[in-house]
Amino acid sequence: MSDSGAVRQWGRVAEVIIGKGGSGIKVTNLRIQFEVVKTVDHTPNKALIHIFNLSPENEAKIKKEYTDIYLNAGYKDNLKLVFTGNIVHVFRYREGNDFITEIEAADGDYDYRNAFVNTVLASGTTNADVVDQVGKTFSNTANNGVKEISGAARTRGKVLVGNSRDILHKVANQSGANWSIQDGVLQIIKTDSLLPNEAIVVNAMTGMLGSPEINEDGITVKYLMNPNTRANGALKLDNGSIKLKAQKVGETKKGNQLTGTTVDSSNFPESDKITKLDSDGIYKVLKLTHKGDTRSQTWQTEALCVALGGRSTVSKGKAK
């Protein structure tokens, strides 16, 4: 795996497109605030987007006509999709002189809640065939993402009846993988695997903010927004820059206060090795958060990552 993912970090830009297939209302010149949270878990990724002083006509269209939203963000000449999903809730309120339209959205939410399978597979079919059948039940989710699926051909036919998400749970578990919908595309990635993209180098030269911190959940690192960051993708960190997360005053571990010192795992007993370090500094992204505001300094990505073979699933925002 080569090291890349660098982006030009000037000329911050964001745009929101509301409408099916990316055609509809396009917002580029108004103030946009957003927070996007993505994980490797099956629970739909979420976005909270605020648009300032949107016209009442366009807001009415969002509430009555449109169900899909696209958020592109990044830098001048490097604007990329960071979220797409179904609109879940729209609310308008006033703050000072501004009228703010708040939009909550979830990636693949409609299919996650409503898709249902009712079919019979012939003998000789595999888990890959099961996933293909599930994909046919989705109305808004593409079935052409990366899928790492295990399982031999069945000697008997198989009846598939139930919520599509439940059937995907079973296939993913049998394959030692996590399934998720990422920007409208179904993805099944093994827990000890990475997306086949280049590792994003995160260090002081590429916009890292502070030092990466390690705790029982994994390694958390913050950096200037990089829209190339993907759940199940890879980051390359300098292990020498990783620090223990400082605990609150009064909290101790084995009677010793953790102080944010640089990690040297050889100094800890086996029971105290809270997160595995990778010798090459390559880490899998379990969770990422993009935060941005086109009229303030907020413009960053925060990633929770682990070494392959370390903790590799996320539940309710926690790595396990």
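Along the sequence shown, residues carry numbers from 1.
Annotation: the span from L235 atom CG to N203 atom CG amounts to 11.5 Å, rounded to 0.5 Å. Atom CD of residue Q300 and atom CE of residue M208 lie 13.0 Å apart, to the nearest 0.5 angstrom. In this structure, OG1 in T141 is found 10.0 Å from CG in D109, a value given to the nearest 0.5 Å. Interatomic distance, NE2 of H50 versus CG of L48, reported as 4.5 Å (0.5 Å rounding). Atom-to-atom distance recorded for I49:CD1 and T101:OG1 is 11.5 Å, nearest 0.5 angstrom. Summarising the geometry, atom CG belonging to L209 is positioned 11.0 Å from atom CE belonging to M225; distances are rounded to the nearest 0.5 Å.
At a threshold of 4.0 Å, the pair E57-K61 does not count as salt-bridged, since none of the basic side-chain nitrogens sits closer than that to a carboxylate oxygen.
The heavy-atom pair separating Q187 from A231 by the smallest distance is OE1-O, 3.8 Å. Across every non-hydrogen atom of C305 and L237, the tightest pair is SG-CD1, 4.1 Å. The two residues N53 and L30 come nearest to each other via the heavy atoms O-CD1, 3.8 Å. Between D68 and K20, the shortest heavy-atom contact is OD2-CD, 2.8 Å. Nearest heavy atoms, D278 versus Y283: N-OH, 3.0 Å. Annotation for I219 and I214: closest pair CG1-CG1, 4.0 Å, computed over non-hydrogen atoms.
A single hydrophobic cluster is not seen to contain both L71 and I17; linkage of ILVMFWY side chains at heavy-atom distances under 4.5 Å, directly or through other members, places them apart. Linking Ile, Leu, Val, Met, Phe, Trp and Tyr whenever their side-chain heavy atoms come within less than 4.5 Å leaves V40 and I181 in two separate clusters. Residues V13 and I32 fall into different hydrophobic clusters, defined by Ile, Leu, Val, Met, Phe, Trp and Tyr side chains chained together at heavy-atom separations under 4.5 Å. No continuous path of hydrophobic side-chain contacts links I103 to V88 [ILVMFWY only; heavy atoms under 4.5 Å]. Cluster annotation: L79 is not connected to L224 through the hydrophobic network of ILVMFWY side chains, with a link wherever side-chain heavy atoms come within less than 4.5 Å.
A 4.5 Å side-chain heavy-atom check between V16 and I69 finds at least one atom pair inside the cut-off. At least one side-chain heavy atom of R165 sits less than 4.5 Å from a side-chain heavy atom of W179. Inter-residue side-chain proximity for D183 and D107 is flagged as met; some heavy-atom pair is nearer than 4.5 Å. In this structure, K190 and S150 have side chains that are in contact, with non-hydrogen atoms separated by less than 4.5 Å. Counting heavy atoms from C-beta on, the side chains of I62 and L54 come closer than 4.5 Å. Put simply, the side chain of S164 reaches to within 4.5 Å of the side chain of V117, judged on heavy atoms.
Checking side-chain atoms of Q182 against main-chain N and O of T39 turns up a donor-acceptor pair under 3.5 Å. Formation of a donor-acceptor pair under 3.5 Å by the R12 side chain with backbone atoms of Q297 is found in this model. The closest donor-acceptor contact from the side chain of N140 to the backbone of D111 lies at 3.5 Å or more, if one exists at all. Under a 3.5 Å cut-off, the side chain of T119 and the backbone N or O of V161 do not form any donor-acceptor pair. Counting only distance, with no hydrogens or angles, the side chain of D238 and the backbone of G240 share a donor-acceptor pair below 3.5 Å. Within the 3.5 Å criterion, the main-chain N or O of N226 finds a donor-acceptor partner in the side chain of T301. Checked by atom type and distance alone, the side chain of T298 never pairs as donor or acceptor with a backbone atom of D293 at under 3.5 Å. Looking at K284, its side chain does come within 3.5 Å of a backbone N or O of S193 through a donor-acceptor pair. Put simply, the side chain of K236 gets close to the backbone of D280: a donor and an acceptor are under 3.5 Å apart. Side chain of R94 to main chain of G96: a donor-acceptor pair is present (N/O by atom type, distance under 3.5 Å, no hydrogens or angles).
Environment of CG in N118: crowded, with over 12 heavy atoms of neighbouring residues, nucleotides or ligands closer than 6.0 Å. Residue K222 qualifies as open at atom NZ: its count of foreign heavy atoms under 6.0 Å is 12 or below. Within 6.0 Å of CZ in R295 there are more than 12 heavy atoms belonging to other residues, nucleotides or ligands. More than 12 non-hydrogen atoms from other residues, nucleotides or ligands lie less than 6.0 angstrom from NZ of K63.
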Original post:
Passes side-chain contact (heavy atoms from CB on, under 4.5 Å), E104 versus K46? Steps please.
Top reply: CA-CA 7 Å; E104 296 179 12; K46 299 185 183 302; over 6 Å; no

**OP:** Could you walk me through whether V131 and L168 pass the side-chain contact (heavy atoms from CB on, under 4.5 Å) test, one step at a time?
**Re:** CA-CA 7 Å; V131 172; L168 286 174; 4.3 Å; yes

**OP:** Evaluate the side-chain contact (heavy atoms from CB on, under 4.5 Å) criterion for residues V134 and V171: first the C-alpha distance (whole Å), next the side-chain angles of each, then the deciding distance (0.1 Å), finally the verdict.
**Re:** CA-CA 11 Å; V134 171; V171 171; over 6 Å; no

**OP:** Verify side-chain contact (heavy atoms from CB on, under 4.5 Å) between K276 and V306, making sure each step is shown before the conclusion.
**Re:** CA-CA 7 Å; K276 178 182 176 182; V306 295; over 6 Å; no

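Using modelled atom types, one finds no donor on one side chain facing an acceptor on the other under 3.5 Å when comparing N58 with Y66. Looking at N127 and R154, their side chains do bring a donor and an acceptor atom within 3.5 Å of each other. Residues K38 and S180 have side chains that never bring a donor and an acceptor to within less than 3.5 angstrom of each other. With 3.5 Å as the limit, one finds no donor-acceptor pair spanning the side chains of T67 and Y110.
The aromatic rings of H42 and Y112 sit parallel to each other, their planes meeting at less than 30°, with 60° as the upper class boundary.
For the side-chain contact (heavy atoms from CB on, under 4.5 Å) criterion with E302, the lone passing option out of L288, T220, V37 is T220. Partner of F34 under the ring-ring contact (aromatic ring centres under 6.0 Å, His included) criterion, chosen from W299, F83, Y70, F52: W299.
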